[in-house]
There are 2 protein chains.
Amino acid sequence: MRDPEATLRQHDLPVTAQRIAVLRAVSGHPHATADDLAESVREDIGTISRQSVYNVLNVLTDKGIIRRIQPADSPARYEDRIGDNHHHLVCRACGKTEDVCCAVGEAPCLKAHSHHGFKIDEAEVIYWGTCPACQKKKRS
Amino acid sequence: MRDPEATLRQHDLPVTAQRIAVLRAVSGHPHATADDLAESVREDIGTISRQSVYNVLNVLTDKGIIRRIQPADSPARYEDRIGDNHHHLVCRACGKTEDVCCAVGEAPCLKAHSHHGFKIDEAEVIYWGTCPACQKKKRS
DNA sequence: CATTCTTTTTGACAAAGTCCAAAACTCGGT
DNA sequence: ACCGAGTTTTGGACTTTGTCAAAAAGAATG
């Protein structure tokens with residue numbers, strides 16, 4: 001995120017210290033949970049309420065400024081990288097999340113299944129596995 | 001599910017009325033939530049505790065007899081159909097879930113991304129959209 | 001049938017998030 | 001620079017989904 005303040009103004013959002021700090025936190029800690037982000041923000045500007053973190057994250061998500069990902073058995077995580085159609089690789093053991101470029105180009109299967117009458121707007125892919133650290137732990 | 005009782009025995013699970021009823025409920029109500037299933041089971045055998053529903057669902061999931069799917073913003077849902085590599089189509093508005101055959105054959109991208117050092121064991125795909133009923137509701 | 005081991009039940013608890021009303025702040029006009 | 005209107009932020013209570021633990025009840029083996 002180049003300039004959090006400018007980003008907020010571009011979207012007609014009042015600029016507050018909390019919003020700037022949350023944006024910076026999301027930018028600096030990809031795939032962090034709301035709690036992690038609250039912690040970062042507190043280190044940054046001293047204090048913020050839990051509710052405000054949720055408010056800000058919800059507004060930013062609604063406006064499409066950040067993306068929320070919600071793997072099973074994990075609290076929601078947030079990221080900065082949007083619009084590049086990448087997917088995620090999640091460790092079953094520790095929740096570590098990594099980005100994976102979409103190998104197949106632009107949202108491959110979006111149109112293939114337009115039966116059922118659903119209007120599909122996103123194809124979400126999550127690769128489940130075990131991260132290197134947890135593989136090591138399990139062996140020992 | 002042909003014969004719930006036989007299925008339980010095959011997996012060395014003691015046969016109880018609750019387990020049989022939960023299996024039947026999952027079979028008869030694909031993509032139902034734990035609460036929905038508890039309700040079905042109660043209509044079937046009269047009464048069951050909330051905890052037992054969770055116990056049974058967890059055991060059955062661990063044994064691979066049923067599958068748990070956990071879309072964002074929705075409680076876990078359970079289904080009977082396993083081992084045929086199908087994916088899901090979820091309505092953002094009402095949570096309605098449908099099966100979608102995997103168009104691309106056997107777990108297409110599983111090997112493509114074996115970098116990162118992760119040991120990947122599953123590629124989960126969820127198509128997000130709006131079901132016909134909710135499209136109609138939104139328009140009116 | 002009786003014993004043993006597993007399940008079921010009951011009730012408390014935990015995590016993640018939302019709802020609500022009051023206080024504080026931002027923005028735009030003057 | 002200030003004021004007023006409308007948003008945000010805060011703090012606290014609450015909801016939902018699910019788990020933990022101990023006691024009571026049930027299934028399976030000999």
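Below, chain A is the first sequence line, B the second, and so on; all start at residue 1.
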*Quickly work out the A:Asp35 CG to C:dT18 C1' distance and round it to whole Å.*
15 Å
*Would you please say whether a donor-acceptor pair under 3.5 Å links the side chains of A:Asp36 and A:Thr33?*
yes
_Any donor-acceptor pair under 3.5 Å from B:Asp44 side chain to B:Ser40 backbone_ = no
*Mapping B:Arg77 and B:Arg9 onto DNA chain D by nearest heavy atom, which one lands closer to the 5' end?*
B:Arg77
_Spacing between A:Ile20 atom CD1 and D:dT8 atom C1', to the nearest angstrom_ = 14 Å
*Within this structure, what is the CG-to-C1' distance between B:Leu13 and D:dA28, rounded to whole angstrom?*
13 Å
*Separation of atom CZ in B:Arg68 from atom C1' in D:dT17, rounded to whole Å*: 12 Å
*Could you check whether A:Gln51 gets within reach of a base, just the sugar-phosphate, or nothing at all, counting any heavy atom under 4.0 Å?*
base
*Could you pick out which residue, A:Pro14 or B:Gln70, lies toward the 5' side of DNA chain D when each is mapped onto its nearest nucleotide?*
A:Pro14
*Which part of the nucleic acid, if any, lies within contact of B:Asn58, taking any heavy atom under 4.0 Å across all strands shown: a base, the sugar-phosphate backbone alone, or nothing?*
sugar-phosphate
_A:Ser49 vs D:dT10: side-chain N/O to OP1/OP2 distance below 4.0 Å_ = yes
*For the pair made of CD in B:Glu5 and C1' in D:dA28, what is the distance, rounded to whole Å?*
13 Å
*If only atom types and distance count, is the side chain of A:Thr16 paired as donor or acceptor with the main-chain N or O of A:Pro14 below 3.5 Å?*
no
_Integer-rounded Å distance: D:dT7 C1' and A:Asp12 CG_ = 13 Å
*Between the side chain of B:Thr47 and the main-chain N/O of B:Ile45, is any donor-acceptor distance below 3.5 Å?*
no
_Within the 4.0 Å heavy-atom criterion, would you say B:Ala17 contacts the bases, only the backbone, or no part of the nucleic acid?_
nothing
*Does B:Glu79 pair with B:Arg77 as a salt bridge, N-O distance under 4.0 Å?*
no
*Which of the following nucleotides, D:dG18, D:dT10, C:dT8, is nearest to the side chain of A:Ile48?*
D:dT10
*NA contact type, B:Arg50, heavy-atom cut-off 4.0 Å: base, sugar-phosphate, or nothing?*
base
*Taking atom C1' of D:dT19 as reference, at what distance in whole Å does atom OH of B:Tyr54 sit?*
10 Å
*Tell me what A:Thr16 touches on the nucleic acid: a base, only sugar-phosphate, or nothing, going by heavy atoms under 4.0 Å.*
sugar-phosphate
*In whole angstrom, give the distance that lies between atom CG of B:Asn55 and atom P of D:dG26.*
16 Å
*May I ask you to evaluate whether B:Gln18 reaches the phosphate of C:dT9, defined as a side-chain N or O under 4.0 Å from OP1 or OP2?*
yes
